[in-house]
There are 2 protein chains.
Amino acid sequence: MARFRETVRTLLRERLLDAAFERVAEHGFDKLRMAHLAGDVGVSRQTLYSEFPSKEAVGEALFRRELERCLVGIQQGLDAHPGDLRAAVEAAVGFTLTLARRNPLIRAMLTSTGEGGLLPYLTTRSAAAFELATTALGTYVAETWPSIDPVARDLAVDTAVRLTASHVVQSAASPEESARRIADTTVRVALSTGAERLPAGTARP
Amino acid sequence: MARFRETVRTLLRERLLDAAFERVAEHGFDKLRMAHLAGDVGVSRQTLYSEFPSKEAVGEALFRRELERCLVGIQQGLDAHPGDLRAAVEAAVGFTLTLARRNPLIRAMLTSTGEGGLLPYLTTRSAAAFELATTALGTYVAETWPSIDPVARDLAVDTAVRLTASHVVQSAASPEESARRIADTTVRVALSTGAERLPAGTARP
DNA sequence: AAGTTGTGTCAATAGCACGGACAAGGCTGG
DNA sequence: CCAGCCTTGTCCGTGCTATTGACACAACTT
């Protein structure tokens with residue numbers, strides 16, 4: 001019955017996150033003021049607090065929304081190469097690294113120096129991001145490459161996600177080159193049997 | 001300060017008009033029920049009455065919104081042919097007649113038989129539509145053809161608008177053919193001096 | 001040490017949507 | 001013809017929610 005009020009709530013949330021995106025992208029998260037954010041949307045500060053219980057919640061929601069948008073591109077990159085693990089991973093990772101380099105929010109997150117920044121969401125508190133990305137890549141691999149050994153598959157997925165995250169926060173080369181290297185590594189891990197002959201002098205438990 | 005509530009109000013208005021458009025286009029204006037309209041958007045009937053004081057106001061707003069959309073196309077048709085009066089009028093009139101033939105709202109307005117229909121807005125109560133269309137065409141002609149005699153210009157603009165309205169409610173031929181004829185008539189009126197020699201036997205006051 | 005700024009919380013007020021009910025008028029079927 | 005039903009338009013009481021203004025608290029500045 002009250003369907004309209006629900007859409008208003010989501011609209012308010014979107015507007016708040018839009019305004020937060022603008023301010024954070026320009027001046028960083030620590031320079032963001034709750035009063036300014038509420039004023040941008042044309043709402044009282046308490047209304048903002050009724051939607052987001054704290055400033056930290058704003059940052060978390062902001063990061064989650066951007067992450068979900070990113071995951072859409074990752075999923076598209078995977079789906080564009082069904083059956084070709086290397087190309088799929090390369091496309092998905094390349095998209096992620098390119099987006100991370102261009103997205104002003106992520107740039108602001110990485111360049112923020114202060115204590116109350118958003119950087120933890122990309123590093124120490126990135127469990128949610130890891131989980132989502134790992135699930136997306138894991139289901140893709142499990143569906144299109146069911147023959148791969150599950151142990152190797154999980155290792156490969158985890159490797160791809162963690163390497164990508166590493167390159168997001170500290171890119172060594174171009175996104176394309178990094179994506180190529182990560183895809184190469186992922187394929188190597190995925191196709192390994194765990195029983196290869198090791199070079200002489202290498203111990204294995 | 002309260003900018004968000006304002007956008008919510010306009011959003012509600014748009015949603016209501018969207019729902020009204022759907023229902024009117026399908027079943028006609030007289031079959032539209034205020035309770036259904038409110039239910040479609042997910043709002044109480046009283047909220048609907050707070051936005052539109054009467055059902056007639058809904059129909060009026062619905063017609064005005066459609067008219068304004070139509071005027072955008074008319075303006076584009078005029079602007080696409082600067083300096084060529086015949087082509088500009090033909091494009092604008094052709095767009096209008098084609099839109100009127102395809103638009104389900106206008107079709108429903110014309111086919112409604114009942115007393116409480118929307119037809120008056122296209123005929124007896126079409127002062128607003130005439131005014132807007134006349135202004136658009138008038139400013140175009142005045143800007144791009146300043147050399148035309150003002151009397152002939154006003155006559156031509158009025159003729160074009162009224163002929164177009166006539167073809168909207170009672171189309172004789174295809175929109176293209178009608179547009180061509182109306183444009184021809186408009187140009188003849190616009191370029192007339194009011195002092196032509198009349199055929200023998202014709203009286204002039 | 002005092003002032004400033006910003007976060008988070010609380011209480012009182014005002015506004016708005018809601019549900020329920022009502023009168024008035026028109027339509028329909030018996 | 002008339003009784004019932006539907007629909008429009010209006011009113012009022014209620015409840016939810018945003019707003020306003022204030023406050024405590026912490027960190028930083030002067």
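Here is the naming used below: chain letters follow the sequence lines, and residue numbers restart at 1 for every chain.
Looking at the side chain of A:S44, the nearest of the listed nucleotides D:dG9, C:dG19, D:dA18 is D:dA18. Side-chain proximity of A:T47 to the nucleotides D:dG9, C:dT7, D:dT19 is greatest for D:dT19. Closest approach to the B:Q46 side chain among C:dA17, C:dG19, C:dG8 is made by C:dG19 (side chain taken as heavy atoms from C-beta onward). Residue A:R5 has its side chain nearest to C:dA17 when only D:dT20, C:dA17, D:dA22 are considered. Residue B:R33 places its side chain closer to D:dT7 than to any other of C:dG8, C:dC18, D:dT7.
Taking atom NZ on B:K55 and atom P on D:dT7, their separation rounds to 10 Å, with Å as the unit. Across the protein-nucleic acid pair, B:E51 atom CD and D:dG9 atom P stand 15 Å apart, rounded to whole Å. The CZ atom of B:F4 sits 16 Å away from the C1' atom of C:dG15 (whole-angstrom rounding). Look at OH on A:Y49: it is 12 Å from P on C:dG6, rounded to the nearest Å. B:M34 places its CE atom 17 Å from the C1' atom of C:dG19, with the value rounded to the nearest Å. A straight line from NZ of A:K31 to C1' of D:dC28 spans 13 Å, rounded to a whole angstrom. Rounded to an integer number of Å, the gap from B:L48 CG to C:dC18 P is 10 Å. Computed from coordinates, the A:L37 CG to C:dT7 C1' distance equals 13 Å when rounded to whole Å.
In plain terms, the two heavy atoms of B:V58 and B:L17 that are nearest each other are O-CD2, 4.2 Å.
In this structure, B:L32 reaches the sugar-phosphate backbone alone: every heavy-atom distance under 4.0 Å involves primed, P, OP1 or OP2 atoms, never a base.
For the salt bridge (Lys or Arg N to Asp or Glu O under 4.0 Å) condition, the pairs that include at least one residue of residues 84-105 of chain B, sequence neighbours left out, are B:R86-B:D184.
Ionic pairing of B:E6 and B:R9 is not present here: no N-O contact between side-chain nitrogen and carboxylate oxygen is shorter than 4.0 angstrom. Between A:K31 and A:E26 there is no salt bridge, since none of the side-chain N atoms of the basic residue sits less than 4.0 Å from a carboxylate O of the acidic one.
Mapping A:R45 and A:L12 onto DNA chain D by nearest heavy atom places A:L12 at the nucleotide closer to the 5' end.
A:S44 and A:T47 are linked by a side-chain donor-acceptor pair at a separation below 3.5 angstrom, with hydrogens and angles left out of the test.
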